[in-house]
Asks: 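Dropping a structure here in structure tokens format, bear with me for questions.
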Amino acid sequence: MKANQNLTIEGHKSILVPYRREHVLPYHAWMASPALQEATASEPLTLEEEYEMQQSWCEDEQKCTFIILDKARPDTPGCGNHGGGMAGDVNLFWNDHDDPNAAEIEVMVAEEGSRRHGLAREALGMFMAYAADKLGVQTFRAKIGEANVASLSLFRTLGYRHVSRSEYFKEATMEVRACDLQPLSFAPGYGTYSSDL
């Protein structure tokens with residue numbers, strides 16, 4: 001999405017930066033993990049396909065993604081000096097043709113050393129605040145594998161409610177309206193915007 005191509009959002013523990021070409025090699029290495037493929041319901045891509053995917057994320061106005069940087073880790077070599085190491089990503093997809101103000105949201109913390117430190121919660125909070133304020137998202141929808149207990153719990157703490165279940169995909173669909181977001185994740189000024197990349 002072009003709206004976030006030069007935008008960073010900084011919180012206490014994390015920084016969200018646009019997914020750029022220099023992030024593809026580390027991202028591709030993450031996605032070679034069978035555990036991450038299963039957790040994210042992803043198919044492995046070749047490196048060339050990963051570069052094509054990154055370009056499509058940058059240009060597709062129905063998708064928005066940020067790389068999550070962990071401020072407690074050093075900068076990832078070859079990925080610029082942004083004040084943290086690559087840890088994961090957050091994504092939005094506008095794929096509900098009946099409701100253009102609804103978007104599907106995803107989060108992944110790929111680096112094991114960055115897990116269980118509140119990074120995903122903070123990144124989601126900043127991302128949702130940005131998406132509601134600047135992109136007009138009114139309903140956030142998450143589809144989570146039923147075996148992913150940590151993610152189900154995380155989204156519940158952010159105010160998401162269970163709305164449906166897919167027996168075939170073994171996943172739960174959870175939603176929250178932007179107007180119902182809990183104050184911790186949606187307080188005005190939560191995160192600092194910068195356009196100086």
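Atoms considered below: every heavy atom in the structure, side chains included; atoms not considered: hydrogens, waters and symmetry mates. Quick caveat: nothing in here was measured; it's all calculated off a predicted structure.
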Asks: For the pair K143 and E106, find out whether any cationic side-chain nitrogen is under 4.0 Å from an anionic carboxylate oxygen.
Replies: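 Not counted as a salt bridge, because no side-chain N and carboxylate O are separated by less than 4.0 Å.
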Asks: Please report the interatomic distance CD(Q138) to CG(N101), rounded to the nearest 0.5 Å.
Replies: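 CG of N101 is found 4.0 Å from CD of Q138.
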Asks: Within the 4.5 Å heavy-atom criterion, are R21 and Y51 side-chain neighbours or not?
Replies: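 Yes, close enough: below the 4.5 Å cut-off.
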Asks: Tell me whether K13 is salt-bridged to D70, with the criterion being a basic N under 4.0 Å from an acidic carboxylate O.
Replies: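 Between D70 and K13 there is no salt bridge, as every charged N stays at least 4.0 Å from the carboxylate O atoms.
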Asks: Without swapping roles, check the side chain of R165 against the backbone of T173 for a donor-acceptor pair under 3.5 Å.
Replies: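 No: the side chain of R165 does not pair with the backbone of T173.
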Asks: Hey, what do you get for SG (C64) to NZ (K134), rounding to the nearest 0.5 Å?
Replies: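 Reported value, rounded in 0.5 Å steps: 13.5 Å.
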Asks: Can you tell me how far apart CE (M86) and CD (E111) are? Round to the nearest 0.5 Å.
Replies: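 If we round to the nearest 0.5 Å, M86:CE and E111:CD are 8.0 Å apart.
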Asks: Would you say the ring centers of Y160 and F140 fall short of 6.0 Å from each other?
Replies: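 Distance test on ring centres: not under 6.0 Å, no.
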Asks: In Å, rounded to the nearest 0.5 Å, how long is the span from CZ of R20 to OG1 of T65?
Replies: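 Reported value, rounded in 0.5 Å steps: 13.0 Å.
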Asks: What distance do C58 atom SG and M1 atom CE have between them, rounded to the nearest 0.5 Å?
Replies: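 One finds 11.0 Å between SG of C58 and CE of M1.
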Asks: Please check if the side chain of D96 supplies one atom and the backbone of A102 the other of a donor-acceptor pair under 3.5 Å.
Replies: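 No; zero donor-acceptor contacts below 3.5 Å.
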Asks: When you compare the side chains of Q55 and E59, does any donor N or O come within less than 3.5 Å of an acceptor on the partner?
Replies: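 Short answer, yes.
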Asks: Hey, are E104 and R141 close enough for a salt bridge, meaning a charged N less than 4.0 Å from a carboxylate O?
Replies: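 Salt bridge between E104 and R141, a charged N being under 4.0 Å from a carboxylate O: no.
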Asks: Are R177 and E175 within salt-bridge range, i.e. N to O under 4.0 Å?
Replies: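 No salt bridge links R177 with E175.
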Asks: Indicate whether any N or O donor in one side chain lies under 3.5 Å from an N or O acceptor in the other, for E122 and S14.
Replies: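 Yes - a donor-acceptor pair under 3.5 Å links their side chains.
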Asks: Pair L16, T8 - check side chain to side chain contact (heavy atoms under 4.5 Å, CB included), show working.
Replies: CA-CA 5 Å; L16 304 183; T8 63; over 6 Å; no
Asks: Determine whether more than 12 heavy atoms belonging to other residues, nucleotides or ligands lie under 6.0 Å from atom CD of E38.
Replies: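 Not buried by this count: 12 neighbours or fewer within 6.0 Å.
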Asks: Y19 and D89: side-chain donor and acceptor closer than 3.5 Å?
Replies: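 Distance-only check fails for Y19 and D89.
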Asks: I'd like to know if the side chain of H162 and the backbone of S164 have a donor-acceptor N/O pair within less than 3.5 Å.
Replies: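 Side chain of H162 to backbone of S164, a donor-acceptor pair under 3.5 Å: yes, one is there.
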Asks: About how many Å separate CZ of R156 and CD1 of I144, when rounded to the nearest 0.5 Å?
Replies: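 Result: 8.5 Å between the selected atoms.
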Asks: In chain order, what residues pass the side-chain hydrogen bond (donor to acceptor under 3.5 Å, both in side chains) check against E49, with sequence neighbours excluded?
Replies: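 With sequence neighbours excluded, E49 shows a side-chain hydrogen bond (donor to acceptor under 3.5 Å, both in side chains) to T46, given in chain and number order.
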Asks: Report yes if the distance between the aromatic ring centroids of F66 and W57 is under 6.0 Å, otherwise no.
Replies: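 Judged by ring-centre distance (under 6.0 Å), F66 and W57 do not meet the cut-off.
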